[in-house]
Amino acid sequence: MFHYLMLILLAPLLVLQGRYVRRVTPLLPEAAGGRDGTLGEGKRLRVLVVGDSAAAGVGVETQSQALSGCLTRELARQYRVDWLLVAQSGNKTEDLIQTLKLLDPCEFDAVLISLGVNDVLSPLRVSRWIEQQSILIKLLKTQFAVKHILLTRVPPMNQFPALPQPLRWCLGQRAKAFNTRLAMLSLGDDDCELVNIEQTLEREDMAADGFHPGGKIYQVWGESAANLIAQRADL
């Protein structure tokens, strides 16, 4: 309740700060390179990576340094990995849902989702976001026959160097509210699992814009998700 009261009281200042951040923050490109492929040997594992600019690898130069590259490279140590990346900068949950609906039905063993930051930045209510997440999960199960869905927590936006105070604090509180509901959603579905990267966002580990992950964060994120996928794949 205190968080929402502060949002109302600070609304004019937050709007001005938001405009300032958009004006001065450098616009980084998505990582270059292929968005599908096969690597490794062994048991076949079909992996889908979907989401926003972080999933698209903004903050590093190539997809091999980005989330999909780190994830699939780690899995390829013991599996033959067939992978596909569907991501675009600016994607909110509803945007991704509409994009996935246009794809032909196929099957994946696991999907890693990166969403939430753009939803936090929008006026979307937390309850509506969870409804959209539920729609996305159902779509992944029906259209892509996914049995293991990894939901990545919204990053701690209160630690983003690009954001000034009090905007940084307010968005951090909003991100925490999103994560609380996301954790509850994950616990209620045996096919879902939460990727929780417990680390402080050091400035030197982030991209030049102070908003996106750098290579080290992508590596930790990819390895964490790969371990969760491997644990269930070996059951």
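One is the number of the first residue; the rest follow in order along the sequence.
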With a 3.5 Å distance limit and no angle check, can you tell me whether E30 reaches the backbone of S89 through a side-chain donor-acceptor pair?
yes
Closest heavy-atom pair, R181 versus V126, reported as atoms and distance to 0.1 Å, is CG-CG1, 3.5 Å
Is there a path of hydrophobic side-chain contacts, each under 4.5 Å between heavy atoms, that joins L28 and Y218?
no
Between the CG atom in L167 and the CG atom in L121, the distance rounded to the nearest 0.5 Å is 8.0 Å
Would you confirm whether Q63, through its side chain, and G34, through its main-chain N or O, come within 3.5 Å as a donor-acceptor pair?
no
Ignoring hydrogens and angles, tell me if any N or O in the side chain of S186 forms a donor-acceptor pair with the backbone of L182 under 3.5 Å.
no
To the nearest 0.5 Å, atom NZ of K176 lies from atom CZ of R153 at 10.0 Å
Contacts of Y79 that satisfy ring pair (Phe, Tyr, Trp, His ring centres under 6.0 Å) - sequence neighbours left out
none
State, with a plain yes or no, whether a side-chain heavy atom of L115 is found less than 4.5 Å away from one of Q132.
no
Hydrophobic cluster membership, L187 vs L140, 4.5 Å side-chain cutoff
no
Closest approach of R168 and F160, non-hydrogen atoms and distance?
NE-O, 3.2 Å
Keeping the roles fixed (side chain from D95, backbone from K92), state whether a donor-acceptor pair exists under 3.5 Å.
yes
I'd like to know if the side chain of N91 and the backbone of G51 have a donor-acceptor N/O pair within less than 3.5 Å.
yes
Measure the shortest side-chain to side-chain distance between I137 and L185 over non-hydrogen atoms and say whether it is less than 4.5 angstrom.
yes
Do the non-hydrogen side-chain atoms of L124 and E94 ever get within less than 4.5 Å of each other?
no
Using only atom types and a distance under 3.5 Å, with no angle test, would you say the side chain of E74 pairs donor to acceptor with the backbone of A226?
no
Kindly check if the number of other-residue, nucleotide or ligand heavy atoms within 6.0 Å of CZ (R125) is above 12?
no
Let me confirm one number: the CG-CZ distance from D82 to R44, rounded to the nearest 0.5 Å.
4.5 Å
Apart from L27 itself, its cluster of hydrophobic side chains linked below 4.5 Å comprises none
Contacts table for residues 54-62: side-chain donor-acceptor under 3.5 angstrom, sequence neighbours left out:
residue	atom	partner	partner atom	Å
T62	OG1	S64	OG	2.8
T62	OG1	Q65	OE1	3.2

Decide whether W221 and T152 meet the rule of one side-chain donor and one side-chain acceptor closer than 3.5 Å.
yes
Nearest 0.5 Å, please: how far is CD in Q88 from OG in S53?
10.5 Å
Do L45 and Q78 pass the side chain to side chain contact (heavy atoms under 4.5 Å, CB included) test, and can you show the C-alpha distance, the side-chain angles, and the key distance before you say yes or no?
CA-CA 10 Å; L45 196 60; Q78 53 183 319; over 6 Å; no
Nearest heavy-atom contact between Q98 and L102 is O-CG, 3.5 Å
Counting N and O atoms only, with roles assigned by atom type, does the side chain of D109 sit under 3.5 Å from a partner on the main chain of R46, one being a donor and the other an acceptor?
yes
Under a 3.5 Å distance rule, please check whether D205 uses its side chain to pair with a backbone N or O of L201 as donor and acceptor.
no
Provide the closest heavy-atom pair for P161 versus M206 in the form atom of the first, atom of the second, distance.
CD-SD, 3.4 Å
Any side-chain heavy atom of K141 sitting closer than 4.5 Å to one from D189?
yes
How are the rings of F108 and F144 set to each other: parallel, tilted or perpendicular (split at 30° and 60°)?
tilted
Does the side chain of R73 reach to within under 4.5 Å of the side chain of Q219, using non-hydrogen atoms?
yes
Which heavy-atom pair separates G222 from L71 by the least distance, and what is that distance?
O-CD1, 3.6 Å
I need the I135 CD1 to L96 CG distance, nearest 0.5 Å.
12.0 Å
Please determine whether a side-chain nitrogen of the Lys or Arg among E193 and R232 lies less than 4.0 Å from a carboxylate oxygen of the Asp or Glu.
yes
Under 4.5 Å between any side-chain heavy atoms of L100 and L136, yes or no?
yes
With a 4.5 Å limit on heavy-atom distance, are the side chains of L163 and F211 in contact?
yes
Mind checking whether L139 and I97 have side chains closer than 4.5 Å, heavy atoms only?
yes
Under the side chain to side chain contact (heavy atoms under 4.5 Å, CB included) criterion, do W129 and T93 qualify, and how do the steps go?
CA-CA 8 Å; W129 185 65; T93 301; 3.0 Å; yes
side-chain contact (heavy atoms from CB on, under 4.5 Å), paired with V50, selected from L84, T99, V86, L112
V86
Would a distance-only check, ignoring hydrogens and angles, find a side-chain to backbone donor-acceptor pair under 3.5 Å from D209 to A162?
no
To the nearest 0.5 Å, what is the distance between CG on L150 and CG on L48?
11.5 Å
